[in-house]
Each structure stands twice: as C-alpha cells, then as structure tokens.
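Here's the structure we're looking at; comments come further down.
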There are 2 protein chains.
Amino acid sequence: MSPYDPSAFPPFAVTVDLVVLTVRRHALCALVVRRGEPPFQGRWALPGGFVRGDEDLAAAAARELAEETGLCAHDPASPALGNGAHLEQLATYGDPKRDPRMRVVSVAHLVLAPDLPAPRAGGDANSARWAPVEDLLGQENGFGREGEQPAPLAFDHARILADGVERARSKIEYSSLATAFCPPEFTVGELRRVYEAVWGVALDPRNFHRKVTGTPGFLVPAGGTTTRQGGRPAQLFRAGGATLLNPPMLRPEV
Amino acid sequence: MSPYDPSAFPPFAVTVDLVVLTVRRHALCALVVRRGEPPFQGRWALPGGFVRGDEDLAAAAARELAEETGLCAHDPASPALGNGAHLEQLATYGDPKRDPRMRVVSVAHLVLAPDLPAPRAGGDANSARWAPVEDLLGQENGFGREGEQPAPLAFDHARILADGVERARSKIEYSSLATAFCPPEFTVGELRRVYEAVWGVALDPRNFHRKVTGTPGFLVPAGGTTTRQGGRPAQLFRAGGATLLNPPMLRPEV
DNA sequence: CCAAAAGTGTTCTGAGTACACCCATGG
DNA sequence: CCATGGGTGTACTCAGAACACTTTTGG
C-alpha cells in the first residue's frame, strides 16, 4: 500500500479542544461554551475547533484560545508568557463514535490562566462562561453544593476535562506551574490559595511559606507589598526561573 | 461553517507511531524498523502505521504492535497483561511539514516490554531490531561508546523517541511500571537492574531491597527462588496490585 | 576457600508536620 | 483595641543515605 494512494488511508477531521482552567473565588473553574447547533445543541462543551491545513497543533490551540478568550498563550516549550497563560498538549481522543457526524480525532490541550475579568463570547461560540469543575464533573468531594446538577458536557468532554484537571493537580506538585494561575505579581498567600483550590485541601500557611520561599529560583521578590488580602502587608513575588520543584510540594492525603 | 460540509475542514491522515522500550544487556533499547521506501529509505524509524477508519487509537497501536513484534498489549486503562507489555498514549505530533508527502498527524504510543528473544520482521517492515536508545539519540551521558554514530531516525522520530524515554524515566519513579520491563516472575535484583538501566545510574542494592519489599502491594512473593543471577538464591516476586508508588523511588542526582 | 549476589541492622541527617509565637495593617 | 492575614522559631518524626555485616549459593 503506497502512502501516496489516497484510498490507502481514511481521511480524518482533526480538531483541538481546550481545557482552560483558572481559579475564581477559591474554586477551580473551567471555560465552557454553549453549543449553538446539533448535536448536543444547547449543552455546554469545551471550546475548540478544526485544525487548519497548514497549521501546527499548538498553533491551532493558541489561535482557538485567542478567539474564545482573548488570552495570548505561547509555545508548549516555554511555559508562561504574555498575559500569563500556560499551554501544553494534554492527550488525543479518537474513539470512532465520539462524534456522531464523522470521524474526528481531537487533540486536547490544557491551558492554565490567571483569573480573568469575564470570558468574551467570540467567534462561533454562542456564549461562554467559567464553571466550577466540581459542578461540571459531579461532586467528587463531599463538600460540593447539592441540588444544581447541570447537564453533562457534550461529546466526551467530561472525560477530557477530568483528564485535564488531573494533569493540573498532579503537575503543580512537582513544578512551578501553579504560578500560571496567578497574576504577574502575587503574594505567598495567594499562591497558597491556588494550591488549596486546585487540590481542594487546606495547607498550613506557615510551612507553605517556608517551602516556597526556601526553594531557590521558585519565587523572586518583586519589591513591593500589598494588603489586598487584608492583614499585615505581604511581599509581592514573581515566578522565578525554576520550573521544576524538587523536592515536590506534598499533597495531603484525602 | 457547518461541520457537515467537507470543505469546512481539511482532511488529515492519522497514524500511530510506537516507542517500544525494553531492557537488554543492562541497556535501555528501543524497537526500530528499516524503511523500505522513500522518504528516508534505508533509514531506521519507529514502527507505526495508519489508523483504520473504524478503529480506536489504542486499538490501532495494539494492532501495529502485534504485527511488528507479536507482542500482545492491552488497553491503556489496564496496564500490563498478556505477555506483559504496557501500552499508553504518549503524545501527538502534527507539524505540517513532518511528512514531506502529505499532512499526517501521528499519535505516538509508549510500550514497555520485557526482554524478548528477537524482533520478528513482519508485515510491511523490511527488518526490525533493538537498538540502545543511547545510540539512537546520541550519547546523552558521557559513558557511551564513541565512534559508531548511526544515521538519525527518520521524520521527527528522534524527538518522539526522546519524549517516550523521558516519560518512561519519570514514570517509573512514582509507579510500579518498571515491572513491565521484567518477566512475570523476577527478583529484586533484576528489578533494580531495570531502574539502573533506564536511569543510567547505580543504586544501593540494600536500600533498594528495603524500599521495594517494604512498599505494601508493590511486590508479592511468587514462592520460589532462583540463582540465575549467581550468588545466593533470590526470592521470586510478581508485580503486586499497587500501581502507584508512594513515596516515590528517588532518582539520584546526575 | 573465595567470589558474588542476597538480605538485615544501625546510624546519621534532611525535610515535612504541628504548633507556639510575634508582626503589621485596616477598621 | 482587635480581627486578620503575614512571617519566624522550634521540637518531633519519618524516611532516605551510607555502610558494616551476615547468608547462601557456584566454582
């Protein structure tokens, strides 16, 4: 079978889907858009779209991200830049029946973004919003609010979202990725609240402070202080050059 | 743009490429096949092939693996079974120019296999062999043998192989995946030599023994002993049910 | 007897945990 | 003055690192 023969291989549609995570009001939230057409019309879905014929996968993900949120993300090789979003490839989903219309292989990407004012519904998306992942996936932990159980996400997007959340949860253990959820300058307490929101646990503020300030290259002082969280003024930091956290931040047992 | 309109999205070819790793003669080795046709004719490449129209990605990877090696791997969800191979999705490579003939998106998979007699060249592959990853990627460590620098792998396969090796190296830290490199029954020393080959370091045999036998569910005694490594008879073990290793095995600093 | 690998015991030390305590601000 | 969060000091504990030592085979 010659590779030049188009009948030797079936044609696929290739898309990118985005798991865009942020921390809002002490909860881990994901960006979802409402579908304006069948299938799954009216249901929430992850943002995404077709990869163009001459476009790299990461470029397609960055383009879709910009179209849907105005965020400017960057190459997977170099993490956080621009207005701070981190983008990396997550996994690829290619079940033959995942889209009832045709054979679609979707390369999911994970984006970690600082808290943004409000998603702007742009392009082909009817409307967009931030939703707590706990609501989107069903209450994994016991302490979720009861009652409002929204319709499940379209396609296999609940699975993709769950994989993205799991990736984010494990990756902040051994990397400085949690800073991607923070504004350019942040306090140790704000960074701690990111960990607490993503992991759904409480951390000891004193030991956390020692751990992150004692790891060389993790945080660099930005010079100023802030009282935006109340209490005693806190030093402001920027993310340092170190991307790997060794020894890792230990996630308390559940 | 309606998704039903075939002109709305460009058609892609979708393939799976396999990073098949094993440990032979105290070295980490990868399975490579010689290309019988252009482009890159005569060069070594990773095994792989087109995904069929009604086939899941993992199924395509398992099929290609069986065609090339006779190995029987299994679903990514459940790790090692059959004759012991572990298969998981690695990453997806979709640079528009990665294949000069056409637009190909390749979903790479990682396979960890115990030492096999010899690869059987099957199907569309001219010939196949195990090659030390150190030779295929250029000597990362100083202690590689000099001189014989083979031609680089075809396409972007060196990058894919490097990503697969890196995944394997990091994943055996915190999982029981290293047992996938071992036969069904193995000794603690054999398992230690797997770690040493994959990481390229020397580990303290005494502390390693305590660590793996002291982690509940990691190893279960198989009952017998063997002297196939010489010296005092060693207990035989099987891989236990535990898949996560906590606390992780610590990789010594380079 | 000796080499080689398996396995056990013991000491030292680095890092996480828990928690008492002080600091600096806003209201 | 006091509530709130920021930050430091310290004792306890656990697990990895290093290494002396014993065990059991093959040659």
Side-chain angles (χ1 to χ4, degrees), chain A residues 25-26 172-174 182 185-197 199 201-238 242 244-254, chain B residues 25-26 172-174 178 182 185-197 199 201-237 242 244-254:
Chain A
R25 286 183 257 101
H26 211 277
I172 64 173
E173 284 186 52
Y174 58 90
C182 294
E185 299 196 347
F186 53 89
T187 70
V188 172
E190 290 164 350
L191 182 62
R192 175 172 49 82
R193 279 179 277 276
V194 164
Y195 276 91
E196 293 179 330
W199 284 345
V201 299
L203 299 175
D204 185 301
R206 291 88 58 129
N207 294 332
F208 183 88
H209 187 279
R210 231 195 318 270
K211 171 78 178 172
V212 296
T213 57
T215 301
F218 187 17
L219 298 182
V220 294
T225 62
T226 182
T227 61
R228 63 190 174 213
Q229 301 288 344
R232 169 177 165 179
Q235 280 186 69
L236 285 169
F237 293 90
R238 298 178 180 279
L244 250 49
L245 200 50
N246 205 313
M249 184 81 58
L250 290 185
R251 170 156 40 163
E253 323 225 338
V254 190
Chain B
R25 287 182 258 104
H26 212 276
I172 64 173
E173 284 187 52
Y174 58 90
C182 294
E185 299 196 348
F186 54 89
T187 70
V188 172
E190 289 163 352
L191 182 63
R192 175 172 48 82
R193 279 179 277 275
V194 164
Y195 276 91
E196 292 179 331
W199 284 344
V201 298
L203 300 175
D204 185 300
R206 293 89 59 135
N207 293 333
F208 182 89
H209 188 280
R210 231 195 318 272
K211 171 80 177 170
V212 296
T213 56
T215 301
F218 188 17
L219 298 182
V220 294
T225 63
T226 182
T227 62
R228 62 189 174 213
Q229 301 289 342
R232 169 176 166 179
Q235 281 187 69
L236 285 168
F237 293 90
L244 250 49
L245 199 51
N246 207 313
M249 183 82 57
L250 291 186
R251 168 154 43 160
E253 322 226 339
V254 190

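Bear in mind the structure is a predicted one, so any value in this text is a computation, not a measurement. In the text below, chain A, chain B and the rest are named by the order of the sequence lines, each starting its count at 1.
With hydrogens and angles ignored, a donor-acceptor pair under 3.5 angstrom links the side chain of B:Arg232 to the base of C:dA6. No hydrogens or angles were tested; on distance alone, a donor-acceptor pair under 3.5 Å links the side chain of B:Arg210 to the base of C:dG9.
Candidate nucleotides D:dG6, C:dA18, C:dG16 were compared by shortest atom distance to the side chain of A:Arg193, and D:dG6 ranks first. The side chain of B:Asn207 approaches D:dA18 more closely than any other nucleotide in the set D:dA18, C:dT8, D:dG6. Considering only the side chain of B:Asp204, D:dC19 comes nearest among D:dC19, C:dC19, D:dG5. Among D:dT8, D:dT24, C:dG16, the nucleotide with an atom closest to any side-chain atom of B:Pro233 is D:dT24. Distance from the side chain of B:Arg206 is smallest for D:dA20 among the nucleotides D:dA20, C:dG16, D:dG9. Minimum atom distance to the side chain of A:His209 is reached by D:dT8, of the listed D:dG6, D:dG16, D:dT8.
Rounded to whole Å, the distance from CG on A:Leu191 to P on D:dG5 is 17 Å. Atom CZ of A:Phe237 and atom P of D:dG6 are 11 Å apart (whole Å). To the nearest angstrom, P of D:dA18 lies 16 Å from CZ of B:Phe208. As rounded to whole Å, 13 Å separates atom P of C:dA6 from atom CZ of B:Phe186. Whole-Å rounding puts the B:Leu236 CG to C:dA6 P distance at 11 Å. Rounding to whole angstrom units, CG of residue B:Leu203 and P of C:dA6 are separated by 13 Å. The nearest whole Å value for the distance from the CG atom in B:Leu250 to the C1' atom in C:dA15 is 12 Å.
Across all strands, B:Pro247 comes closer than 4.0 Å only to sugar-phosphate atoms, never to a base (heavy-atom distances). Residue B:Arg228 is out of contact with every strand shown, counting any heavy-atom pair closer than 4.0 Å.
Contact annotation: A:Lys211 reaches the phosphate of C:dG16 (side-chain N/O to OP1 or OP2, under 4.0 Å).
Scanning both residues, B:Ala242 and B:Phe218, for their nearest heavy atoms gives CB-N, 4.1 Å.
Counting only distance, with no hydrogens or angles, the side chain of B:Glu196 and the backbone of B:Leu203 share a donor-acceptor pair below 3.5 Å.
With rounding to the nearest 0.5 Å, the separation of NZ in A:Lys211 from CZ in A:Arg192 is 16.0 Å. Atom CZ of A:Arg238 sits about 12.0 Å away from atom CG of A:Leu219, to the nearest 0.5 Å.
The 5' end of DNA chain C is approached more closely, in terms of each residue's nearest nucleotide, by A:Pro248 than by the other of A:Gly230 and A:Pro248.
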Query raised in the report: After noting the C-alpha distance and the side-chain angles of B:Met249 and B:Trp199, does the key distance pass the side-chain contact (heavy atoms from CB on, under 4.5 Å) rule?
Result: CA-CA 12 Å; B:Met249 183 82 57; B:Trp199 284 344; 3.7 Å; yes

